[in-house]
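To keep things clear, I will list the structure first and then write my remarks on it.
Whatever order the structure lists them in is the order used to number ligands and atoms, beginning at 1. These figures come from a predicted structure and were not determined experimentally. Basis for what follows: all heavy atoms, side chains included, without hydrogens, waters or symmetry-related copies.
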Amino acid sequence: MILTHMHHDHAGGLHHFPHNRILVPREGWRFADGLKGKLAACLPQRWPVWLRPELLDLNGPAVGPFPSTFSLTADKRVFLVPTPGHIAGHVSVIVRGDDLTYLVAADATYTEDNLRNELVDGITYDPELSLRTLRALKSFASEEPTIVLPSHDPDGPVRLMNRRTF
Ligand SMILES: [Zn+2]
């Protein structure tokens, strides 16, 4: 399991998965597990006592507009990219399929429309950084046929079903 960030609506169900590998980007983990995290909608006091995630550093090669990556598979078709702003250390997941690419944006943008219009979300930790992230995501999704899948976009499943690219 990959946690793109530690906001409680993403990390709140961890107690259901005591026997799974849990991967978390180190920067996001460090930020969330402290006062700054608590002030930014993380609830470390609610994490399971057994939680010891594998911490990842995004120190792989640049891909498109992203300066670094972390490959999750040997063939490098599934990888993490840094998408900070919404919260420090936020990452998104990119899956390159045979004919389409899937961008699991998590909360880097709330909807495809927000991404298209470069609208920074209202609870972002760092609006300027969020905007830079939106521009990087937009540029990536324009360079190859990509289905954009933010966590909270109600239209995501329809786009996925209809294979509608950005
Ligand atoms: Zn979030």
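When the shell of 6.0 Å around CZ of Arg96 is examined, it contains more than 12 heavy atoms from other residues, nucleotides or ligands.
Considering the Zn ion (ligand 1) as centre, the angle to NE2 of His86 and to NE2 of His5 is 110° (10° rounding).
Ring geometry, His86 versus His5: the interplanar angle exceeds 60°, so the pair is classed perpendicular (tilted spans 30 to 60°).
The CH2 atom of Trp47 lies 4.5 Å from the CG atom of Asp33; values are rounded to the nearest 0.5 Å.
Put simply, His10 stays out of reach of the Zn ion (ligand 1), with no N, O or S atom under 2.8 Å from it. For the Zn ion (ligand 1), the set of nearby N, O or S atoms under 2.8 Å includes one belonging to His7.
Shortest distance from the Zn ion (ligand 1) to Asp107 is reached at OD2 (N/O/S atoms only).
Ring centroid separation for the pair His10 and His152 comes in under the 6.0 Å cut-off.
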